[in-house]
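As the structure lists them, so they are numbered: ligands from 1, and atoms in each ligand from 1.
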Amino acid sequence: MLTDYHVHLRPDDPGATPDRYFTDDNVARYLDAAKQARIEELGVSEHVYRFRQALEVSRHPFWEEQALDDIDAYCEFVRATPLRLGIEADFIAGAEDRIESLLAGREFDYVVGSVHQMDRGRMVDHAGWDVWDGEGDADRVWGRYFALLADAARSGLFDVLAHPDLVKMWGPQRPWPDRDPRFHYEPAVEAIVDSGIAVELSTAGLRKPVGEMYPSRGFCELCVEGGAAFALSSDAHAPEQVGFEYARAGELLRELGVGEVCVFERRRRRLEQLG
Ligand SMILES: [Zn+2]
Ligand SMILES: [Zn+2]
């Protein structure tokens, strides 16, 4: 089986409103694209910060600007389609209880947990809130990022850990650590193995300056050694990105000896043979 769970029904700009993108026609375009790519399980996971209710979790100025939509209307819309219902929820250190309340009582099939935001509201993937502004010590940034990723894994809030080494997104456009990246990966992988959270293999990094999948092969190897389970995603923001470069993801998983992928329903996970 092939799955694509980390999918957005719309681009990231605030002008991409629900009335334009949460429509049956748009869903049909995504389902068509999935069929072409032989993806049997397609789920969507909108950014939590685009919903008003997320302001109970964080009042980050970026969230204040983005939080326009209603999360329950989103859930209701997706439930009436053949799509699996997910959400991409940010891990915000110190806000675990508030994240839990936001997710509780809403019947997601799975929750994708992401570390985009680091200390003082700085982000690893947003130039406007750049974690690298005035920061040249890549080992410090990577160390902190993977510590937050470990906390996200251990929080128990999420089913899938999204784009696990997103800190590398800018590739050569930002500083790169001197240490062997495995030094930074290890605490995060330990948390992944202890918690049992699924690791997302995301092809989205191939569309970014770094030009490689998330996570790196080295990170995947440590996960495989620890017996972690994998979930497969494109992080599509448009129908034509559904299943993006899946041949490469499948090849990597086969090389690593991973023969199964995670399938989710109402936050219960099972493994299916990789298609
Ligand atoms: Zn993300
Ligand atoms: Zn995403």
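- Looking only at N/O/S atoms, His116 comes nearest to the Zn ion (ligand 1) through NE2.
- The environment of Gln273 atom CD is sparse: at most 12 non-hydrogen atoms of other residues, nucleotides or ligands sit within 6.0 angstrom.
- The cationic atom of Arg269 (NZ for Lys, CZ for Arg) does not lie both less than 6.0 Å from the six-membered ring centre of Tyr110 and within 45° of the ring axis.
- Only protein N, O or S atoms were considered, and those under 2.8 Å from the Zn ion (ligand 2) are His6 NE2, His8 NE2, Glu88 OE1, Asp235 OD1.
- As a member of the Ile/Leu/Val/Met/Phe/Trp/Tyr network built from side-chain separations under 4.5 Å, Leu68 groups with nothing else and remains a singleton.
- Applying the side-chain hydrogen bond (donor to acceptor under 3.5 Å, both in side chains) test to Tyr145 and every residue at least two apart in sequence or in another chain returns nothing.
- Applying the salt bridge (Lys or Arg N to Asp or Glu O under 4.0 Å) test to every pair with at least one member in residues 47-56, sequence neighbours left out, gives these pairs: Arg52-Asp70.
- In summary, the aromatic rings of His163 and His116 are positioned with their centroids under 6.0 Å apart.
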